[in-house]
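To keep things clear, I will list the structure first and then write my remarks on it.
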Amino acid sequence: MQTEKWWQKAVVYQVYPKSFQDSNHDGIGDIRGIIQRLDYIKQLGVDVIWLNPIYKSPDIDGGYDISDYQDINPTFGSMADFDELLSKAHAMGLKIIMDLVVNHSSSQHDWFQKSLASSEPDNDYRDYYVWRDPVDGHEPNNWGSFFSGPAWTYDEKSGQYYLHLFAKEQPDLNWNNPKVRHSIFDMMNWWAAKGIDGFRMDVISLISKPDGLPDAPITGDSIFGNAGDAVANGPHVHEYLKEMNTKVLSKHDWMTVGETAGVTISEAQKYANKDGSELNMVFEFEHVGLDSNTNPALGKWSDRKAALPELRENLVKWQQALSGKAWNSLYWNNHDQPRVVSRFGNDSPKFRELSAKMLAALLHFMQGTPYIYQGEELGMTNAYFDTINQYQDLETINAYQELVVTEKLVTEETMLKYFQSKSRDNARTPMQWDTSSNAGFSDTTPWLETNPNYQAINAKAALDNPDSIFYFYQKLIKLRHQLPVITDGTFKLLPDNEQDDHIFAYTRTNSETTLLIIANFTSDTITRNYDVPKAAQLLIQNYTDDQETTIRPYEVKVYQYPTKSLKK
Ligand code: TEU
Ligand code: CA
């Protein structure tokens, strides 16, 4: 691998501002709330904060519908508040990356309002978006929106449809129009001048639509074509990202990560190629799609658990396929995914801490840049709402309307179970700081219900307990900063581990050091002999002693030994 980049040793902490800390008594998290908690984030030891969108927005989709890219949503604060956050973070040695949401804008954005105004050729803004004539009086093609319903909305005035892969309030920008690209690159350079440290790029794999906008394949008893499959990794996407790199990214010592729905290994090797011509890394979606419903019409909505063999096989594939060619991102959680301890771990009081630590170590010793989502370091769990009225997330509410009410594909009772497992609101309940009202998030009723288990699960309790999940993450981050092998070591799954239903075991090796990671994914006690070299030292574990070949429920232990001790 070329000379090491700063972001290859970095660990990122994701802050979802709406649910992190309220500072002005309205029950909604804000920028001054984040400023209040910078010490906490610094104490964890991370290097970068990724901020979900804080820009002007009608907030139809959690800020992912932006009406002004260069102004702050007053609900979150002012530009002065942001400038203070950035300068205070930098003073503490924390970098900040922003969220770039340019596959689509808000329908309230000035560009779209002008685009909507007239379909006359002299309207320079018409072609900023994707307008098409009806086909046989219907939508131009069969694409379905990610948020249910068709991906097209009809505009009476012009007699045309406009495309929106997400909500109708999120019209897709037409990246084929060079004016659109230049406007976006200028906006990015404007933020660069403010001193930010990079961007996470929202659904960047969807910006180049297929020529002719052909129908998409219909899977199962879906009524719409799967637009994601039809649009992902489009014909000009790499060309546009190389242009962005030339015009913006290459000018700044930034970290960039692309959220690439529908990305494959071969496409990721282009997006995140080590030649640095496009982005630094991408988020792939395969390991968070393994527990989707077997009926494609129900998409991700299911309560089935992914089994270890398929999860391991997927994570191993990405480790091996990108090694030496491109750089991985590593994540279990974000603001779109359910809480990992409830999903892949065991959130019962007996095993919540053990399994949270096991999952943390398993991921953080892999090659790539780890992302920690707010509350993950506390082992926060899913919300387990039991009525539809408790949900705020557009994707969840629209799915309920379409699949339960309209199409009656699934009963309310079953869908509510699926929501308990997969709704994005499971990630968005207020951060749990202490046992005071509303978990210390706000002294006013929060915009989304607080998880009642905050009495037991909260930052204050974690900081008071030297054996907490918080300090376990702190140690993982310290080790990543200290041990080069965690950054540059070759990943290797242990022989005969592929079929193991209980244990995930792999090594990381460079010329100096070898690490052996052994993780029990189950609540069973297992016997396995991994011939741990005599010279091996235990680097980190979630039990207090080492019973060698006896591996206890959710046990994780990581050994370190000199690579040369292997040769004998
Ligand atoms: O998410 C894109 C995306 O792929 C998600 O919609 C994902 O498929 C789904 O939520 C998981 O099931 C990005 C943002 O992260 C998300 O919050 C936005 O809603 C979306 O784009 C539109 O901007
Ligand atoms: Ca607030």
Side-chain angles (χ1 to χ4, degrees), residues 14 16-36 50 52-55 57 59-66 73-78 81 99-106 144-148 151 164-173 200-207 226-229 231-232 257-263 282-286 288-289 291-293 298-302 331 333-338 343 371 373 392-399 418-419 421-428 430 438 441-447:
Q14 180 190 351
Y16 190 74
K18 205 173 174 182
S19 303
F20 196 59
Q21 179 68 69
D22 178 21
S23 71
N24 64 345
H25 323 296
D26 62 357
I28 303 172
D30 47 56
I31 296 170
R32 301 213 69 76
I34 302 170
I35 293 172
Q36 282 174 19
W50 156 26
N52 285 100
I54 54 174
Y55 315 95
S57 165
D59 198 25
I60 296 290
D61 177 29
Y64 279 93
D65 48 315
I66 298 170
N73 182 334
T75 303
F76 290 136
S78 64
D81 292 328
D99 213 308
L100 181 75
V101 188
V102 289
N103 170 72
H104 46 268
S105 75
S106 163
S145 158
F146 277 80
F147 294 157
S148 307
H164 51 84
L165 292 179
F166 294 90
K168 65 182 183 323
E169 297 87 352
Q170 293 167 299
D172 281 54
L173 284 158
R200 173 266 189 193
M201 303 185 188
D202 193 57
V203 282
I204 205 71
S205 56
L206 304 181
I207 61 177
N226 184 318
D229 294 355
V231 175
V257 52
E259 186 212 28
T260 47
V263 72
V282 295
F283 292 131
E284 54 78 21
F285 278 80
E286 293 182 355
V288 291
D291 49 15
S292 292
N293 199 295
L298 293 176
K300 69 176 195 177
W301 303 116
S302 113
Y331 74 97
N333 288 294
N334 61 37
H335 60 293
D336 291 335
Q337 302 297 331
R343 186 183 202 173
Y371 291 74
Y373 177 67
Q392 304 266 349
D393 169 36
L394 177 70
E395 182 189 48
T396 304
I397 291 166
N398 286 5
Y418 292 167
F419 288 165
S421 290
K422 303 306 282 295
S423 170
R424 305 190 301 179
D425 278 342
N426 286 305
R428 300 173 182 188
N438 308 314
F441 164 74
S442 174
D443 54 13
T444 306
T445 306
W447 70 275

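In each ligand, atom 1 is the first atom listed, and ligand 1 is the first ligand listed. Predicted, not measured: the structure shown is a model, and the values here were computed from it.
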Protein contact to [atom] [nearest heavy atom, distance to 0.1 Å]:
| atom | answer |
| --- | --- |
| atom 7 (C) of ligand 1 | Phe285 CE2, 4.4 Å |
| atom 18 (C) of ligand 1 | Asp61 OD2, 3.3 Å |
| atom 2 (C) of ligand 1 | Glu259 OE2, 3.2 Å |
| atom 6 (O) of ligand 1 | Phe166 CE2, 3.7 Å |
| atom 8 (O) of ligand 1 | Phe146 CD2, 4.2 Å |
| atom 9 (C) of ligand 1 | Glu395 OE2, 3.4 Å |

What I want to check is whether the side chains of [X] and [Y] have a donor and an acceptor closer together than 3.5 Å.
| X | Y | answer |
| --- | --- | --- |
| Asn438 | Asp443 | no |
| Asp81 | Ser78 | yes |
| Tyr55 | Asp99 | no |
| Gln337 | Arg343 | yes |

Query raised in the report: Can you list the residues that meet the side-chain hydrogen bond (donor to acceptor under 3.5 Å, both in side chains) rule with Ser205, with sequence neighbours excluded?
Result: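 Checked Ser205 against side-chain hydrogen bond (donor to acceptor under 3.5 Å, both in side chains); zero matches.
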
Requested in this report: Not counting sequence neighbours, which residues clear side-chain hydrogen bond (donor to acceptor under 3.5 Å, both in side chains) with Asn398? List them please.
Outcome: none

Query raised in the report: Checking side-chain contact (heavy atoms from CB on, under 4.5 Å) against His104, which of Ile66, Asp202, Leu165 comes through?
Result: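 Per the side-chain contact (heavy atoms from CB on, under 4.5 Å) rule, the option paired with His104 is Asp202, out of Ile66, Asp202, Leu165.
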
Report summary line: Taking every heavy atom of Ser145 against every heavy atom of Phe166, the minimum-distance pair comes out as OG-O, 2.9 Å

Atom indices of ligand 1 within 4.0 angstrom of [X] heavy atoms, with elements:
| X | result |
| --- | --- |
| His104 | 22 (C), 23 (O) |
| Arg424 | 10 (O), 16 (C), 17 (O), 18 (C), 19 (O) |
| Arg428 | 17 (O) |
| His335 | 14 (C), 15 (O), 16 (C), 17 (O) |
| Arg200 | 14 (C), 15 (O) |

Query raised in the report: Is Arg32 salt-bridged to Asp22, cutoff N-O under 4.0 Å?
Result: no

Requested in this report: Would you kindly specify which portion of Phe147 sits under 4.0 Å from ligand 1, judged on non-hydrogen atoms: side chain, backbone, both or neither?
Outcome: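 Side chain only.
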
Of the listed options [options], closest to [atom] (non-hydrogen atoms):
| atom | options | result |
| --- | --- | --- |
| atom 5 (C) of ligand 1 | Asp336, Leu394, Asn52 | Asp336 |
| atom 14 (C) of ligand 1 | Asp202, Ile60, Leu165 | Asp202 |
| atom 12 (O) of ligand 1 | Lys422, Gln337, Lys300 | Lys300 |

Requested in this report: Kindly say whether Phe419 contributes a backbone atom to a donor-acceptor pair with the side chain of Asn426 at under 3.5 angstrom?
Outcome: yes

**Report entry** Aromatic plane relationship, His335 with Tyr16 - under 30° parallel, 30 to 60° tilted, over 60° perpendicular
**Finding:** parallel

Requested in this report: Taking 3.0 Å as the upper limit, name the protein N, O or S atoms near the Ca ion (ligand 2).
Outcome: Asp22 OD1, Asn24 OD1, Asp26 OD1, Ile28 O, Asp30 OD2

Query raised in the report: By salt bridge (charged side-chain N to carboxylate O under 4.0 Å, His left out), which residues pair with Glu259, not counting sequence neighbours?
Result: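 Arg200.
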
Requested in this report: Report the C-alpha separation of Asp30 and Ser23 in whole Å, then their side-chain angles, then the decisive distance to 0.1 Å, and conclude whether the side chain to side chain donor-acceptor pair (under 3.5 Å) test is met.
Outcome: CA-CA 7 Å; Asp30 47 56; Ser23 71; 2.7 Å; yes

